[in-house]
Amino acid sequence: MKFYSTNLRSPQVSFRDAVLHGMPADHGLYMPVTVPEIDAEIIRKLPGMQLGEIAHTIGKLWLSEDIPDSELQEIAYESINFDAPLIEVEKNIYSLELFHGPTHAFKDFGARFMARTMAYLQQEADQETVILVATSGDTGSAVANGFLGVPGIYVVLLYPSGKVSNLQEKQITTLDRNITALEINGTFDDCQMLVKQAFMDEDLNDIMHLTSANSINIARLLPQSFYYFYAYGQAAAFEKPVIFSVPSGNFGNLCGGLLAKKMGLPVRKFIAATNANNIFPNYILKGDFKPTASVKTISNAMDVGNPSNFPRILEIYNNNHSQVKNDIEAQAYSDFITKKTIRNVYEKNKYLLCPHSAIGYLGISDLMMDTEEDCTGIFLATAHPAKFFNVIHEFLDVDIPFPAGLKSVLNKNKESIFMESDYTDFKEFLIRAGWRKG
Ligand SMILES: *Cc1c(COP(=O)(O)O)cnc(C)c1O
């Protein structure tokens with residue numbers, strides 16, 4: 001499988017190069033030259049398949065030329081070693097719980113698959129790989145956990161000081177070993193900017209092997225299609241058209257679903273649900289894409305003013321706004337309505353939503369009210385509510401059971417390096433660390 005750059009000014013590369021370099025030299029995003037189609041036979045078998053088996057089956061369609069089958073099987077089963085149950089919340093509305101991995105957010109899927117893929121692909125290269133990650137909260141801990149203890153790989157996390165929850169911060173800053181956390185005096189977009197600058201810095205790239213692990217890395221994108229197949233398999237028994245609502249920030253999660261549909265998964269429609277950062281809903285409405293600075297909300301993992309996967313969505317739909325609109329509806333929701341929804345759904349259905357998942361729920365419940373057709377509505381529940389207990393406790397008096405993994409991290413001590421949002425400082429830090437290129 002070959003990958004091309006969405007900017008079309010860099011050559012096509014193998015999966016290996018796309019994964020290890022993260023971003024093409026022309027600063028576009030890697031996309032597959034062809035999208036493999038799944039057999040109707042596989043779709044028929046989905047209801048009986050476990051998630052790891054689906055990961056292996058779908059992964060094979062993409063990567064059979066690049067990774068031997070036995071290795072791929074190991075990568076698939078080891079990275080996706082937790083469940084994603086489909087839970088009925090109310091009539092025709094289901095929560096696809098993507099938060100049963102080690103860091104309790106959906107990013108575990110992409111991060112764990114990517115970490116194992118990268119470790120396999122760089123086995124022979126005798127060099128140290130430095131992974132730069134800008135994180136608005138959940139990405140960092142998922143990626144860092146995925147790579148924790150992997151020999152020859154060093155992870156540098158950049159997170160915006162004071163803009164992630166206490167728990168998220170603890171998850172990022174207590175890992176140690178091959179993981180370093182930089183606390184940046186700025187926004188998430190500033191962090192992302194520093195990382196982008198480092199990738200474009202030729203001097204720096206001559207000295208060390210830098211790569212990205214943000215949602216732009218293709219090895220994170222592919223596994224984010226697996227759970228759409230799994231959810232479809234679980235919903236097949238209802239024999240109704242399936243709609244997915246995806247709470248979105250950088251739109252990597254939604255892109256995974258769009259690829260699944262392009263491969264042949266029968267999805268009726270997608271809903272891109274956002275918080276007040278409504279760049280994509282505005283694009284759907286008006287046809288132009290106008291990135292802005294991000295605004296702070298209670299669903300902070302979605303506080304993105306310039307969604308990084310947008311060019312991929314355009315590629316999937318041949319740069320055609322009306323084709324995009326055919327498959328994707330979009331809606332933005334305020335913090336006020338998000339809180340109200342968490343309260344209502346808890347009181348009505350005894351189901352507790354995190355602020356991100358609540359936006360997914362809002363997207364599907366609004367759409368179901370507007371459609372005549374009898375459909376199965378699935379929203380992606382992207383984080384465990386316990387990760388946001390401090391936000392939720394401000395407006396809802398509820399006992400939130402903590403998964404064991406989250407409880408233990410709270411008692412550890414934070415270790416981070418504070419830094420201004422200044423590229424010279426960042427570069428100096430990287431050079432001083434002295435990571436070695438092969
Ligand atoms: C990252 C994240 C999102 C947004 O996902 P994208 O792929 O960036 O659109 C939503 N919810 C949670 C909990 C997240 O961590």
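Counting starts at 1 for both ligands and their atoms, following the listed order. Starting from 1, each residue takes its place in the sequence as its number. Computed over heavy atoms, backbone and side chain alike; hydrogens, waters and symmetry mates excluded.
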Considering the heavy atoms of [X], write down every atom of ligand 1 situated less than 4.0 Å from one of them.
{"X": "P247", "value": "4 (C), 10 (C)"}
{"X": "A383", "value": "13 (C)"}
{"X": "H356", "value": "11 (N), 12 (C), 13 (C)"}
{"X": "F106", "value": "1 (C), 2 (C), 3 (C), 5 (O), 7 (O), 14 (C)"}
{"X": "N250", "value": "6 (P), 8 (O), 9 (O)"}
{"X": "S248", "value": "9 (O)"}
{"X": "G252", "value": "6 (P), 7 (O), 9 (O)"}

Taking non-hydrogen atoms only, is K107 closer than 4.0 angstrom to ligand 1 via side chain, backbone, both or neither?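 It is the side chain that touches ligand 1; the backbone stays farther off.
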
Practice item. Please work out whether any backbone atom (N, CA, C, O) or any side-chain heavy atom from C-beta onward of A105 is under 4.0 Å from ligand 1, and answer side chain, backbone, both or neither. Key: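 It is neither part, as no heavy atom is under 4.0 Å.
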
* Asked: Does a side-chain N-to-carboxylate-O contact under 4.0 Å join R268 and E373?
  -> yes

Problem set entry | E183 bridged to K414 by N-O distance under 4.0 Å | yes

*Can you find a non-hydrogen atom of F99 under 4.0 Å from ligand 1?*
no

Pi-cation contact, Y423 with K427 (under 6.0 Å, within 45°) |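 Here K427 fails the 6.0 Å and 45° test against Y423.
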
Nearest heavy-atom contact between T173 and S416 is CG2-CB, 3.9 Å

Correct closest heavy-atom pair for S95 and V89 would be CB-CG2, 3.8 Å

Between [X] and [Y], how do the two ring planes meet: parallel, tilted or perpendicular, split at 30° and 60°?
{"X": "F426", "Y": "F429", "answer": "parallel"}
{"X": "Y227", "Y": "F106", "answer": "perpendicular"}
{"X": "F244", "Y": "F270", "answer": "parallel"}

Nearest non-hydrogen contact to atom 7 (O) of ligand 1 from the set T274, L98, N253, L380 belongs to N253

Closest to atom 10 (C) of ligand 1 by heavy-atom distance, out of Q168, H104, M302, Q224, is M302

Rounded to the nearest 0.5 angstrom, the CD1-OG distance for I172 and S141 is 6.0 Å

| Do ligand 1 and A301 have nitrogen or oxygen atoms that lie under 3.5 Å from each other? |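 Looking only at distances, the answer is no, because the N/O contact criterion of under 3.5 Å is not met.
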
